[in-house]
Enquirer: 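Before anything else, here's the structure in question.
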Amino acid sequence: MLSVIIPAYNEQENIPAASQRLGEILNPVTDYELIFVDDGSKDRTWEIISDLAENDSHIRGLRFSRNFGKEGAIFAGLKAAVGDCVAVIDCDLQHPPELLPKMYAVWQGGAEVVEAVKASRGKESLVYKLFAKSFYRMMKNSSNINLDGASDYKLMDRKVVDALNEMPERLTFFRALSSWVGFKTERIEFDVAPRNAGKTKWSFKKLFKFALSSITSFTNLPMQIITVSGILFFIFAVILGIQTIVNFCMGNSANGFSTVILLILIIGSIIMLGIGIIGYYLSKIYEEIKCRPRYIVAGQAGAPRKNTEADERND
Ligand code: UDP
Ligand code: MG
């Protein structure tokens, strides 16, 4: 059985369309369940999900008590899923559902993670593309995880899902964690479709914060940069020190006031930057150590579907 996790935040227009398209596509392929995770929507998303869940035993819903973010929604879905393989897909049909049967076939062929990678990034502004590119490059260089064209559109074997469910960390980055766990991975390319209805739920600020948090949860590189800049400045200080002493001995030590001002400015800003970076990591540690749950489920709709295929295998 295939479980499909669909995070939804204010997606009232997209849910009926998504559930219908997915149903039509998956019905001939295998038994399936659709798990809609309502990430604290403020519109009619939850009513629509619970209506669908009532009328269709393939559909299930989870509702968060507030907006916890897409990551929380994905991980709640992973925990709830009962399928032998689990797929994650966006609610807005930007991830073409037609690809799912193909991904499913690749999984049947022995792959444990099937990643759908973006062949083209769809309609995005130049600045956005630039930011995405430099973020992915930084992730690749510092943590050795290739996120080129990566999306959250994936299909994973039960083993992988169990491994992800065991992860104790709270500040997760699903896209990278699913590569980090390893396993036999295959990639399939797809073109990002335009959004079915509604607007993107990610503001630039939200994305930027998400990128920062993902970098810090995967690499300590920014901290090492402080050390490197410390070393560079030490070398610089030695050279300048020698020059100052030489000047003093030659009797023209009164000059160089601009050097002093520059030094104070540069050293001050480097120290501030260093403290800022350390503070950022500290705040991440603080977040993790509080051990608050990643999300709070306020309601459920529909019962888990019986995984008959697995039962048969076990008999
Ligand atoms: N989403 C979510 N919680 C959020 C933001 C987004 O569950 O806080 C869901 C959203 O409903 C959609 C998916 O994540 O199913 C991708 O969001 P969106 O299409 O807005 O992102 P984009 O495609 O622009 O990257
Ligand atoms: Mg989208």
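Counting starts at 1 for both ligands and their atoms, following the listed order.
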Enquirer: In terms of the angle between their ring planes, are Y295 and F64 parallel, tilted or perpendicular, with boundaries placed at 30° and 60°?
Expert: parallel

Enquirer: Counting only heavy atoms and a distance below 4.0 Å, can you name the residues contacting ligand 1?
Expert: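 For ligand 1, the contacting residues are P7, A8, Y9, E11, D39, N67, G69, K70, D90, C91, D92, Q94, R195, T200, K201, W202, K206.
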
Enquirer: Between E47 and R44, is the closest basic N to carboxylate O distance under 4.0 Å?
Expert: yes

Enquirer: Can you tell whether the side chains of K70 and D90 come within less than 4.0 Å, N to carboxylate O?
Expert: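 Salt bridge: yes.
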
Enquirer: Between K159 and E112, does any NZ, NE, NH1 or NH2 come within less than 4.0 Å of an OD or OE carboxylate oxygen?
Expert: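 Yes, this pair counts.
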
Enquirer: My understanding is that only residues two or more places apart in sequence, or in another chain, count here; which of them pass side-chain contact (heavy atoms from CB on, under 4.5 Å) with S229?
Expert: I270

Enquirer: Return the name of the atom in D92, of element N, O or S, nearest to the Mg ion (ligand 2).
Expert: OD2

Enquirer: Do R66 and F68 meet the cation-pi criteria used here (NZ or CZ under 6.0 Å from the six-membered ring centre, within 45° of the axis)?
Expert: yes

